[in-house]
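The model shown is predicted, which means the values in this text are computed figures rather than measured ones. Each chain gets a letter, A, B and so on, in the order the sequences are listed, and its residues count up from 1. Hydrogens, waters and symmetry mates are skipped; everything else that's a heavy atom, side chains included, is used.
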There are 2 protein chains.
Amino acid sequence: MSAIPEDFVNQTTRLSEDVTGPFPNSRKIYVQGSQAGVRVPMREIAQDVTHAFDGDEENPPIYVYDTSGPYTDPNAEIDLLKGLPPLREAWIEARGDTETLSGPTSEFGQNRQSDPELAHLRFEHIRTPRRAKPGANVTQMHYARQGIITPEMEFVAIRENMRLDELRQDPRYAKLLRQHPGQSFGANLPEEITPEFVRDEVASGRAIIPANINHPEAEPMIIGRNFRVKINTNIGNSAVTSSIAEEVEKMVWSARWGGDTLMDLSTGKNIHETREWILRNAPMPIGTVPIYQALEKVDGKSEELTWEMFRDTLIEQAEQGVDYFTIHAGVRLAYVPLTAQRLTGIVSRGGSIMAKWCLAHHEESFLYTHFAEICEIMKAYDVAFSLGDGLRPGCLADANDAAQFGELETLGELTKFAWEQDVQVMIEGPGHVPMQMIKENMDKELHDCYEAPFYTLGPLVTDIAPGYDHITSGIGAAQIGWYGTAMLCYVTPKEHLGLPNKEDVRTGIITYKLAAHAADLAKGLPGAQLQDNALSKARFEFRWDDQFNLSLDPDLAREYHDETMPKQAHKVAHFCSMCGPHFCSMKITQDVREYAANLGVAAEKALGEGMKEKAEEFKAQGAEIYKEV
Amino acid sequence: MSAIPEDFVNQTTRLSEDVTGPFPNSRKIYVQGSQAGVRVPMREIAQDVTHAFDGDEENPPIYVYDTSGPYTDPNAEIDLLKGLPPLREAWIEARGDTETLSGPTSEFGQNRQSDPELAHLRFEHIRTPRRAKPGANVTQMHYARQGIITPEMEFVAIRENMRLDELRQDPRYAKLLRQHPGQSFGANLPEEITPEFVRDEVASGRAIIPANINHPEAEPMIIGRNFRVKINTNIGNSAVTSSIAEEVEKMVWSARWGGDTLMDLSTGKNIHETREWILRNAPMPIGTVPIYQALEKVDGKSEELTWEMFRDTLIEQAEQGVDYFTIHAGVRLAYVPLTAQRLTGIVSRGGSIMAKWCLAHHEESFLYTHFAEICEIMKAYDVAFSLGDGLRPGCLADANDAAQFGELETLGELTKFAWEQDVQVMIEGPGHVPMQMIKENMDKELHDCYEAPFYTLGPLVTDIAPGYDHITSGIGAAQIGWYGTAMLCYVTPKEHLGLPNKEDVRTGIITYKLAAHAADLAKGLPGAQLQDNALSKARFEFRWDDQFNLSLDPDLAREYHDETMPKQAHKVAHFCSMCGPHFCSMKITQDVREYAANLGVAAEKALGEGMKEKAEEFKAQGAEIYKEV
């Protein structure tokens with residue numbers, strides 16, 4: 001019998017009602033790769049037929065990138081107590097460069113696992129951890145540099161392509177695939193993403209595939225500026241509130257709405273156990289900031305942090321399966337005084353912890369001095385670095401200052417060092433930056449960090465709108481994404497004010513999905529405009545349900561329409577609630593086209609010439625031109 | 001006794017509870033000008049003292065641009081049944097170039113006024129309309145070109161300056177006035193806005209002051225790229241819903257949150273009466289699309305529209321006091337066929353009405369052929385043109401196409417013509433445009449329309465997020481505002497889906513306020529960063545109430561904070577709800593500074609050098625470094 005209490009089980013099972021089930025008129029499909037087990041999920045959205053005056057027109061299904069994992073697959077058996085199936089296990093096994101340990105090798109991990117008082121919280125089916133064989137390097141970057149295309153790389157290539165190669169051959173998509181040329185600012189966006197292209201990007205360090213060998217449940221994804229712009233979401237129980245069940249629910253919720261990766265920023269009790277639950281059920285890569293947990297271990301006294309206990313924390317988390325670590329190794333002693341005259345000093349939690357440690361010891365931080373040993377851990381599990389921007393600006397006034405840019409240069413040095421060990425790296429970025437200063441951040445990052453993927457928080461383009469900081473930061477995020485940022489860390493409406501609830505999380509995610517998508521469009525990512533075109537066509541043709549279904553948040557779109565026009569008949573109404581039947585411009589345009597076609601001439605011809613003699617007929621028919629449904 | 005029924009009166013009076021009353025810790029101040037009656041309202045936000053370890057520091061009051069009108073002045077007597085005081089009446093009178101008519105001169109206006117069945121709806125204190133004396137031209141542009149600085153121009157200069165000249169002399173503001181250099185893309189943003197600068201901008205056509213002589217209640221404001229970026233809000237009862245009281249309430253609500261101008265887009269019954277109520281109580285300029293009302297007069301049969309009845313509508317509305325008219329005179333016959341192959345055809349209501357008329361008659365529209373006569377009306381009342389973009393794109397696919405840009409060129413021709421008559425002009429712009437194509441819109445507008453102010457709707461940078469289109473469009477709005485757009489037309493979350501409610505209106509306005517502000521910051525508008533700096537300082541110093549009060553939406557900021565930390569003690573808590581007391585980076589930074597100061601050395605010095613020997617002391621004190629409130 002399970003040691004987990006029934007109310008906990010019930011609470012956890014309740015997730016399914018809330019967050020599972022497919023999206024409207026959608027189904028999960030899987031595209032098979034060439035390597036065993038490569039089976040890439042996508043969401044297929046079916047569309048209604050267009051009933052036009054000149055006959056019916058089939059509208060082909062639209063495929064969208066799907067981060068939701070098995071949760072939206074009605075054929076998948078979801079049991080949060082067991083965790084997701086270990087999709088990547090056979091691939092890892094097959095590489096033969098890892099060994100299964102008898103149990104956690106970290107002291108902390110061992111203590112937690114043997115503590116009987118934690119039995120009621122503990123995830124039941126903890127897998128024994130895996131580690132690289134002595135001397136082996138199990139990073140995707142290492143394989144890529146050996147010329148090996150891993151199943152993870154093939155998975156990613158298929159996922160990024162979104163069947164574009166097939167759609168291009170299908171005449172039903174010809175019009176929908178039309179797209180404006182982009183302005184890529186040097187990004188290299190091929191018409192087709194091949195597995196070899198993925199390998200090359202990973203080998204060069206321009207992209208990372210966060211894929212810890214102890215998180216085989218995750219569906220591989222890639223972060224790099226020559227791919228779709230990704231978004232990260234955050235969860236985390238703070239000292240103030242939250243429970244394990246809530247955090248797991250938020251993770252599934254985040255996957256549902258489009259979170260590409262998720263950071264567990266927990267700082268309260270039972271961080272270790274919460275993380276296990278999340279990892280075993282997470283279809284996306286998971287990141288953490290290990291210094292948070294380390295600080296808990298010394299009761300918040302940052303000056304008592306030591307390399308030894310930090311090292312133990314890294315191993316503890318790596319063996320659980322964390323895919324990337326935020327490490328603030330760029331907070332060097334010399335940069336700290338540069339923050340003293342700032343308007344808002346140091347605002348990164350990790351940055352301020354390390355700054356305080358540096359001051360207390362008057363030494364470079366152990367993150368910097370032990371960076372080589374950290375790399376050894378990273379390559380034994382394939383944990384990617386997310387080099388933290390501990391000195392990022394906390395307000396417009398402090399943007400792009402010497403402290404921020406000094407740290408960025410150090411992150412570049414560290415990147416080079418990590419790459420020499422074949423360890424994957426991305427670089428964290430700001431923060432609060434007015435629009436005219438955003439591009440400098442991107443340009444400097446590309447230069448100083450050798451094109452390692454940039455991962456930014458916003459930036460917020462003004463400080464005066466607390467309560468709307470998902471928007472102030474979404475504006476900055478869309479721009480920096482366009483300029484080349486590979487992943488955008490979401491911000492919720494509660495930023496600066498409180499802890500986000502479920503609705504805030506959804507709002508934050510969709511805001512960032514649309515910002516990332518706007519960036520893809522602006523860069524000219526092949527196929528990016530397909531969904532826009534399909535939705536706009538549906539809108540123009542009054543296929544309301546298709547318009548809702550094709551949108552980033554079908555539920556909210558439908559809900560808003562219901563508020564003004566609740567009846568089912570309104571979902572096929574040939575006018576919008578905004579204007580009423582007499583003022584619908586789309587209706588008028590269609591009437592004009594229909595009229596032209598009825599006369600037996602091509603629309604353009606009818607419109608362009610010879611209309612004078614037809615004008616009287618048109619007027620005679622005019623009374624019928626507004627038809628109410 | 002009033003003919004207005006009591007329930008209507010009650011409904012209207014109820015406004016006061018909802019939307020009047022000052023903002024928290026704010027008071028309305030008035031800055032006196034040199035000309036009689038020039039008394040410019042601003043909002044002053046008081047701040048708390050900073051209790052720092054090294055003594056108290058006074059935080060000076062912050063002044064913000066105030067669009068809310070007398071409604072937030074506790075000393076003003078608000079009576080919606082009487083309307084606002086006619087602020088500009090004496091100025092208009094003093095110019096001696098207008099005459100008071102005995103009543104409305106439009107046929108429609110006369111009919112409505114004499115219809116006894118409308119008595120219960122009619123605004124009671126209708127002012128007899130005023131018109132230019134024969135041969136006179138009463139536009140602000142005309143005065144400007146004569147070298148006259150009107151009271152309106154002085155009012156605007158003071159309003160734009162926001163006391164910056166005084167603050168620069170006050171040492172309390174020295175640090176707060178620090179600001180990053182902007183990138184203005186050719187905008188000319190002087191350190192001080194003089195009345196002469198305003199006059200020159202209006203004379204050149206680079207800016208407009210929408211100020212109908214029959215709307216003396218409005219507080220003058222200016223629209224031009226060398227001034228603060230403005231936002232427009234929309235209201236309007238459609239055929240589907242809404243009442244007069246609701247519309248008036250929305251207008252006051254819109255003023256409260258920051259709407260600089262307001263368009264009444266009503267299309268239902270009693271448009272005339274609703275408009276009168278709105279105008280008499282509106283502190284901001286009001287715009288309309290007269291073709292909507294004209295279409296109502298022909299029961300929605302656009303082909304039956306005539307110049308004569310349109311002309312009557314213009315006079316009807318001009319005599320009520322509408323400050324600017326959207327006129328779709330650029331929809332030329334030759335451009336209509338260019339829309340036939342579009343994905344979403346013509347999406348502007350006015351544009352589609354005129355396109356249909358052109359087709360039905362196979363003639364250029366009467367808006368185009370009678371443009372000279374329209375100008376005559378505009379200059380007799382000082383109504384500004386908002387030249388409509390009837391062929392704006394309704395989706396990304398149709399952005400920047402031949403139809404859109406063809407129309408824009410015609411708008412440029414019309415601008416030139418209007419300017420020859422000293423009639424004020426702004427130009428409407430899109431719409432739906434991916435980010436990489438936004439700047440071309442601005443550049444082309446500046447070139448083709450000779451720097452006439454651009455007034456855009458968004459643009460939306462993706463089509464796939466209905467329900468979030470305030471955000472998709474806010475992203476585009478911030479960018480095009482930065483590039484030089486003078487006014488941004490707001491979009492609410494209900495765009496494309498339904499009619500906005502009060503909360504949607506607030507959300508739309510704040511989104512656009514923050515986008516406009518982000519644009520001001522990016523352009524480098526002098527003083528723009530002051531409010532950001534003050535808010536960030538308050539945030540850093542845990543002055544929670546000041547942080548809320550200085551934000552664009554103090555109510556929501558406070559509400560969100562209350563959700564996580566409801567107690568009053570939390571409003572002075574020295575940590576954030578997000579991180580809890582042990583993880584507050586701002587607290588750590590302050591502790592570091594405090595520690596340094598306690599040692600008797602300057603912060604920078606202490607941080608930069610000689611810390612080694614102090615490190616032990618610091619550690620000894622360390623246990624006290626996190627103090628809970």
Side-chain angles (χ1 to χ4, degrees), chain A residues 183 238-240 300 303 337 340 344-347 349 352 360 362 395-397 434-436 461-467 475 478 497-499 514 517-518 521-522 531-533 535-536 540 551-552 556-557 560-561 563-564 577 580 582-583 585 588-589 603-604 607-608 611-612 615 618-619 622, chain B residues 183 238-240 300 303 337 340 344-347 349 352 360 362 395-396 434-436 461-467 475 478 497-499 514 517-518 521-522 531-533 535-536 540 551-553 556-557 560-561 563-564 577 580 582-583 585 588-589 603-604 607-608 611-612 615 618-619 622:
Chain A
Q183 180 179 359
S238 86
V240 180
E303 62 278 14
T344 59
I346 300 175
V347 297
R349 288 195 257 171
S352 58
H362 199 69
C395 62
L396 296 192
M435 286 193 288
Q436 82 277 21
V461 296
T462 165
D463 300 339
I464 65 170
I475 290 171
L497 298 171
L499 291 168
L514 70 86
H517 183 68
L521 287 163
Q531 193 178 349
D532 296 84
N533 293 345
L535 187 145
S536 292
F540 185 63
S551 69
L552 287 178
L556 189 75
Y560 280 179
H561 192 257
E563 270 182 42
T564 313
S577 53
H582 281 245
F583 281 90
S585 56
I588 293 176
T589 306
E604 255 172 303
L607 293 167
M611 283 291 288
K612 188 65 185 167
F618 187 55
K619 272 189 272 189
Chain B
Q183 180 178 0
S238 87
V240 179
E303 62 278 14
T344 59
I346 300 174
V347 296
R349 288 194 256 170
S352 59
H362 199 70
C395 63
L396 296 191
M435 285 193 287
Q436 82 277 22
V461 297
T462 165
D463 301 340
I464 65 170
I475 291 171
L497 298 171
L499 289 168
L514 70 87
H517 182 68
L521 286 163
Q531 193 178 349
D532 296 84
N533 293 345
L535 188 145
S536 292
F540 184 63
S551 68
L552 287 177
D553 187 343
L556 189 74
Y560 280 178
H561 193 257
E563 269 183 42
T564 311
S577 54
H582 281 245
F583 281 90
S585 55
I588 292 176
T589 305
E604 256 171 301
L607 294 167
M611 286 290 288
K612 187 68 185 168
F618 186 57
K619 269 189 272 189

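Counting heavy-atom pairs under 4.5 Å between each of A:C395, A:A465, A:A397 and chain B puts A:A397 at the top. The choice from A:I464, A:L521, A:L556, A:L396 that makes the most heavy-atom pairs within less than 4.5 Å of chain B is A:I464.
Proximity to chain B (any heavy atom under 4.5 Å) is shown, for A:L514, by both the backbone and the side chain. For a residue to count as touching a neighbouring chain, one of its non-hydrogen atoms must lie under 4.5 Å from one of that chain's; by this rule B:L535 touches chain A with the side chain only. With a threshold of 4.5 angstrom between heavy atoms, A:P434 approaches chain B through side-chain atoms but not through N, CA, C or O.
With B:T564 contributing its side chain and A:L499 its backbone, the two residues share a donor-acceptor pair below 3.5 Å. When atom types are taken as modelled, the side chain of A:D532 and the backbone of B:D463 share a donor-acceptor pair closer than 3.5 angstrom.
Residues forming a side chain to side chain donor-acceptor pair (under 3.5 Å) with A:N533 (at least two apart in sequence, or on another chain): A:Q529. In this structure B:Q183 satisfies the side chain to side chain donor-acceptor pair (under 3.5 Å) test with no other residue, sequence neighbours excluded.
Taking each heavy atom of B:P466 and A:A557 in turn, the nearest pair found is O-CB, 3.9 Å. The two residues B:S536 and A:T344 have their closest heavy-atom pair at O-CG2, 3.5 Å. Smallest separation of non-hydrogen atoms from B:A522 and A:M435: CB-CB, 3.8 Å.
To the nearest 0.5 Å, atoms CG (B:L497) and CD (A:E563) are separated by 10.0 Å.
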